[in-house]
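Each residue takes its place number in the sequence, starting with 1.
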Amino acid sequence: MNNKKEDILYRDLEIPEVVLHKANEAFSQIHMEAEGERKISAKKRGRKLRLPKAAVAAIICCLICGTTVTAMEIISLYRQRMEGMEKQEIENFYQLANAGETNNLNRPLTAEEGERYQSLTVEYEKNGRFPEGSLAIIEDADSYNGQGVALDASTRTIYLPEEALSDEELLEIIDFNHKLVYSIYETNQERIVARGDWESRMAAMTDEEVDRIYLAYCSSNLDVGGGYSRELCQTESDRYEELKKRYESEGICSEQDLIIIKTWDEYTGAGVAFCEENSKFCLPEEELSDAEFLQIIDFEHKIPYCFDRILYEIQMGFREGYPEN
C-alpha cells in the first residue's frame with residue numbers, strides 16, 4: 001500500500017485547458033534562462049511531486065521573467081499588491097487569460113531591454129517597485145497609436161513602441177504578467193474552497209500549519225524507515241481503502257489531526273502518530289478505528305499539498321525559500 005500519495009491533488013482542478021495552455025506559452029518572446037535553481041537534498045529531489053495546474057502556470061511565468069526569488073520578507077509589498085487585488089480586477093484578468101489564440105510581442109525585446117526586464121522583475125518582487133500606471137488594453141491592432149505599451153485583448157498581443165522601452169513600460173508588462181498568473185491561481189482557489197471537500201480544507205491551512213507538516217516530513221529519516229510500525233490486517237487494509245475513497249469523494253475526516261512526534265520513545269502506544277525519527281506511522285497493537293485511519297489519510301494527503309503550496313509561493317515570490325528548522 002502506498003501511504004505517501006503525491007498524484008492525487010488537483011486531479012480535477014477546474015481550470016480551462018485553453019487558459020493553462022496560454023499560461024504555459026505566455027510571453028514566450030521574452031523568455032530568458034533562469035539564474036539557477038535551488039539546490040535540494042537527494043531525498044527531496046527523489047520525491048515525485050505533482051504540481052497544481054495553477055502552480056505550473058506560475059512557474060512558467062517566473063521562468064519567462066528570467067529570475068529567481070531573492071531574499072525578501074515573507075509578507076512583502078509585492079504579496080500585498082497581489083492579495084490586495086479587487087475581485088472585479090481578478091475576474092477581468094481571468095477573462096483575459098481566456099482571450100485570443102496566441103501570446104506574443106509585436107517585436108522582440110532588445111538584449112538591453114531583456115536585461116532590464118530581468119533586473120526590474122527582481123526589484124518588483126523584492127523591493128516593491130511597481131509601475132505608476134498599468135498596461136493599456138486596446139480592442140485591436142488598429143487601435144494602437146505607437147505610443148507606450150498596450151495589450152490587444154482579442155489576440156493577447158502586447159504592442160511595443162519602436163523606441164527603447166522605459167523602465168515604466170517594462171514594469172507595466174511585469175505587473176501584468178504577475179497579476180495574470182495570480183488571478184488564475186486565486187480564481188481556482190476560490191472554486192476549490194467553494195466545493196467544501198477535502199481539498200477546500202487544504203486551501204484553508206495557515207502558513208504555520210503548512211510549514212509544520214513540511215518540516216516534519218523533511219526531517220524524517222526515509223533512509224531507515226517509512227511505512228507503518230506494523231502490518232495492517234486484511235480487514236484494516238480494506239477499511240483503509242474504503243475510507244480513503246470516502247475522504248476524497250464525501251469529505252469525511254477526523255476531528256483530530258495526526259500527532260507528530262520526533263523520536264520513537266515519545267510514542268505511548270495509544271492512538272496513531274507520525275514519527276520524524278524513522279518516518280513511520282506509529283500504530284497501536286489493536287485494530288485501528290475509522291477516526292485513526294482518517295488521521296493518517298489526512299496527513300498523507302497534506303504532505304504533497306504542502307510541498308506544492310510552498311513551491312508555488314516561492315516561485316511567485318511570496319516566500320524567501322523553503323522552511324528551515
Side-chain angles (χ1 to χ4, degrees), residues 4-17 19-20 23 47-62 74-76 78-91 93-94 97 178-218 243-258 260 274 294-319 322-323:
K4 299 187 184 299
K5 295 290 186 180
E6 286 89 8
D7 60 347
I8 52 179
L9 288 179
Y10 297 91
R11 64 196 184 287
D12 57 350
L13 186 63
E14 297 174 2
I15 176 171
E17 287 301 322
V19 174
L20 184 63
R47 292 179 50 79
K48 295 181 180 179
L49 299 178
R50 181 177 180 184
L51 302 182
K53 291 184 178 180
V56 174
I59 293 169
I60 291 171
C61 180
C62 289
I74 298 299
I75 304 299
S76 63
Y78 156 56
R79 182 170 186 171
Q80 292 176 32
R81 183 177 180 84
M82 295 297 105
E83 295 178 346
M85 291 176 66
E86 298 291 338
K87 184 174 180 60
Q88 187 58 55
E89 185 179 11
I90 290 175
E91 292 179 359
F93 270 91
Y94 190 76
H178 284 70
K179 285 184 174 180
L180 183 76
V181 173
Y182 179 78
S183 296
I184 293 173
Y185 171 78
E186 187 63 22
T187 298
N188 285 284
Q189 284 295 98
E190 290 179 1
R191 292 179 179 179
I192 291 171
V193 172
R195 289 203 303 253
D197 58 10
W198 65 276
E199 288 176 305
S200 68
R201 291 192 300 104
M202 302 286 175
M205 291 175 66
T206 66
D207 287 345
E208 291 74 17
E209 291 172 321
V210 169
D211 290 358
R212 177 69 182 100
I213 291 177
Y214 171 88
L215 290 171
Y217 189 74
C218 286
L243 287 168
K244 185 175 68 172
K245 291 178 182 177
R246 294 186 59 195
Y247 175 92
E248 295 176 4
S249 63
E250 301 175 23
I252 64 170
C253 60
S254 172
E255 295 181 357
Q256 291 183 310
D257 290 332
L258 185 73
I260 300 173
F274 178 78
L294 287 171
Q295 289 175 36
I296 293 173
I297 292 168
D298 185 58
F299 190 81
E300 290 172 347
H301 283 65
K302 283 179 177 177
I303 291 170
Y305 170 80
C306 292
F307 272 78
D308 289 352
R309 178 162 147 181
I310 290 170
L311 178 57
Y312 166 79
E313 291 180 354
I314 290 173
Q315 295 290 356
M316 279 297 289
F318 289 169
R319 285 177 179 261
Y322 288 90

Next item on the list: Just do the side chain to side chain contact (heavy atoms under 4.5 Å, CB included) check on F93 and V181 with the steps written out, would you?
Entry: CA-CA 9 Å; F93 270 91; V181 173; over 6 Å; no
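Minimum interatomic distance between Y305 and M202 (heavy atoms only, all atoms of both residues): OH-O, 3.1 Å. Between I310 and Y322 the shortest heavy-atom distance is CG2-CD2, 3.8 Å. Minimum interatomic distance between L294 and C253 (heavy atoms only, all atoms of both residues): CD1-C, 3.9 Å.
Annotation: salt bridge (Lys or Arg N to Asp or Glu O under 4.0 Å) contacts of E89 (sequence neighbours excluded): K179. Contacts of Y182 classified as ring-ring contact (aromatic ring centres under 6.0 Å, His included), with partners at least two apart in sequence or in another chain: none. Partners of D211 by salt bridge (Lys or Arg N to Asp or Glu O under 4.0 Å), not counting sequence neighbours, listed by chain and number: R319.
In this structure, N188 contributes its side chain and I184 its backbone to a donor-acceptor pair below 3.5 Å. The closest donor-acceptor contact from the side chain of R309 to the backbone of M205 lies under 3.5 Å. At distances below 3.5 Å, not a single donor-acceptor pair connects side-chain atoms of Y217 with backbone N or O atoms of I303.
The aromatic rings of Y214 and F307 sit tilted relative to each other, their planes meeting at an angle between 30° and 60°.
The CD1 atom of I252 sits 4.0 Å away from atom CZ of R246, with the distance rounded to the nearest 0.5 Å. Q80 contributes atom CD, which lies 15.0 Å from atom CE of M85 (distance to the nearest 0.5 angstrom). The distance from the CH2 atom of W198 to the NZ atom of K302 is 11.5 Å, given to the nearest 0.5 Å. How far OG of S200 is from CZ of R191: 15.5 Å, rounded to the nearest 0.5 Å. Going from atom CD of E190 over to atom OH of Y185 covers 11.0 Å, rounded to the nearest 0.5 Å. We find the CZ-CZ distance between F299 and F274 to be 5.0 Å, quoted to the nearest 0.5 Å.
No side-chain heavy atom of L258 sits less than 4.5 Å from a side-chain heavy atom of D298. Considering only heavy atoms from C-beta on, H301 stays 4.5 Å or farther from R201 through its side chain.
Heavy atoms from other residues, nucleotides or ligands lying under 6.0 Å from CD of E209 number more than 12.
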